[in-house]
Amino acid sequence: MNISISDQHRIGRSPRPEEELLSQLDAFITGMRGKEPYVLGFPGNLEFSFSRLGGLLDILINNVGDPGSADKSDINSKAMERAVVDFMARLANGNPDRTYGYVTSGGSEANQFGLDRGCTSLPDARVYCSQAAHYSIRKNARLMRKELVVIGCDAQDRMDVAELARECRRDAGRGAVVVATIGTTMTGAIDDVDAIVVAASVAGPVYVHADAALSGLIVPFTADSASWGFAHRAVGSIAVSMHKGLGMPVPCALAMCRSELVAAEVEGEYVGATDATLGCSRSGLASVLIWFALASKGLKGLARDARAALAMAQQTAERLAAAGLHPELHPSSIVVAFDRPAEWICGKYHLATVGDRAHIVTVSHVSTHIVEELCRDVERTRAIAAAISGRLSAAGHRSHEAEPSWPTPPTTPVSAAPCPS
């Protein structure tokens, strides 16, 4: 569905009164607030409050170049950005002193940064991802003019490592750049990095980019905490979305890689900063907000949020099962996939859908009573449909009984009447 420009949003030649614009924005905010409890299908944590930081909207914060490099403008929040990278590197089993990272515009840019590092390290390699990988991988491979090989998934929606091995065997000597998805888009499945590296090694050196946009703030608080991320030597880069699990008023993410994969070079003399980022000028506001949220929660607060989200996923799966919706919940996942309900229900609850399946992502604002409301809507819709079907069936039966039949032809021939003379 296309979005058109309404008269109230059209920008004209003459200035509009500020009171009129503020009233319009107040109505917009009210409408957005009303939707929040029902946004179940898209991984954006809507439980946050930054209203006390309103003064940040009256200043420009431009983090141009690398977070660790001073720049001539000196109107940045790089000290806070460095603290974010330091914290997240530790969370991903990395050494902060040997990890390069920066705040990006979103997970897609963080994925492109990781792929760029991998393809620079292995320029002859093809890029591999699973069918369940985020579509940004396909987009980025196209933009980078790199050949992408899409691998099927196994029964657990993880990359099929047997198929990966067959494809990589064709590239012996070229190496392989493989995207391991740490929380697939529709089911939240987590690719087996160890198995991926073994399978892809038939092509030669293996570079793994971990797309942890969804689960980068969940997996560190599960049984897999010690073995994920940079704990595996083949993982060269990681993408973690911050508005998904942490909760942000703007889309943003963190791109990280091993520091030996970047070169500290001044890209623009007038800026006076080294710059290995893709963005050059970047939102310093996003860095401040991420720093504030992480510092407010600390490691203990993040652990509490992750465990609550995992518990909510389990409760949601149980309630959806009771509603007959055949839920699917993978280990260490906060994504619950289930049978796609009626379209009006998908719209009401903002459900993401693919084919005959939908899903709920149990980030912090998702509540048991809204999940219960969804299930009751499904059950009520099913009951109404069954009642209507029963009535139509009964009406059809009665109609069939009352329907006149054609006269039975006589068994003896009827004499023809004489023609009038």
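Residue numbers start at 1 and run along the sequence shown.
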Count the heavy atoms belonging to other residues, nucleotides or ligands that lie under 6.0 Å from [atom1] of [X], then report whether that count exceeds 12.
X    : atom1 : value
M144 : CE    : yes
R82  : CZ    : no
K72  : NZ    : yes
E260 : CD    : yes
L57  : CG    : yes
R16  : CZ    : yes
L22  : CG    : yes

**Prompt:** Judged by atom type as modelled, is there a donor-acceptor pair below 3.5 Å linking the side chain of D154 to the main-chain atoms of D157?
**Reply:** yes
**Asked** Is S215 reaching over with its side chain to a backbone N or O of I218, donor-acceptor style, under 3.5 angstrom?
**Response** no
Salt bridge between [X] and [Y], side-chain N to carboxylate O under 4.0 Å?
X    : Y    : answer
D124 : R174 : no
R319 : E379 : yes
R90  : D86  : yes
D71  : K78  : yes

**Item:** Partners passing salt bridge (Lys or Arg N to Asp or Glu O under 4.0 Å) against R376 (at least two apart in sequence or in another chain)
**Value:** E372
**Smallest separation among heavy atoms of Q156 and A189, with atom names** = O-CB, 3.3 Å
**Message:** Quick check: do R304 and K297 have side-chain heavy atoms less than 4.5 Å from each other?
**Reply:** no
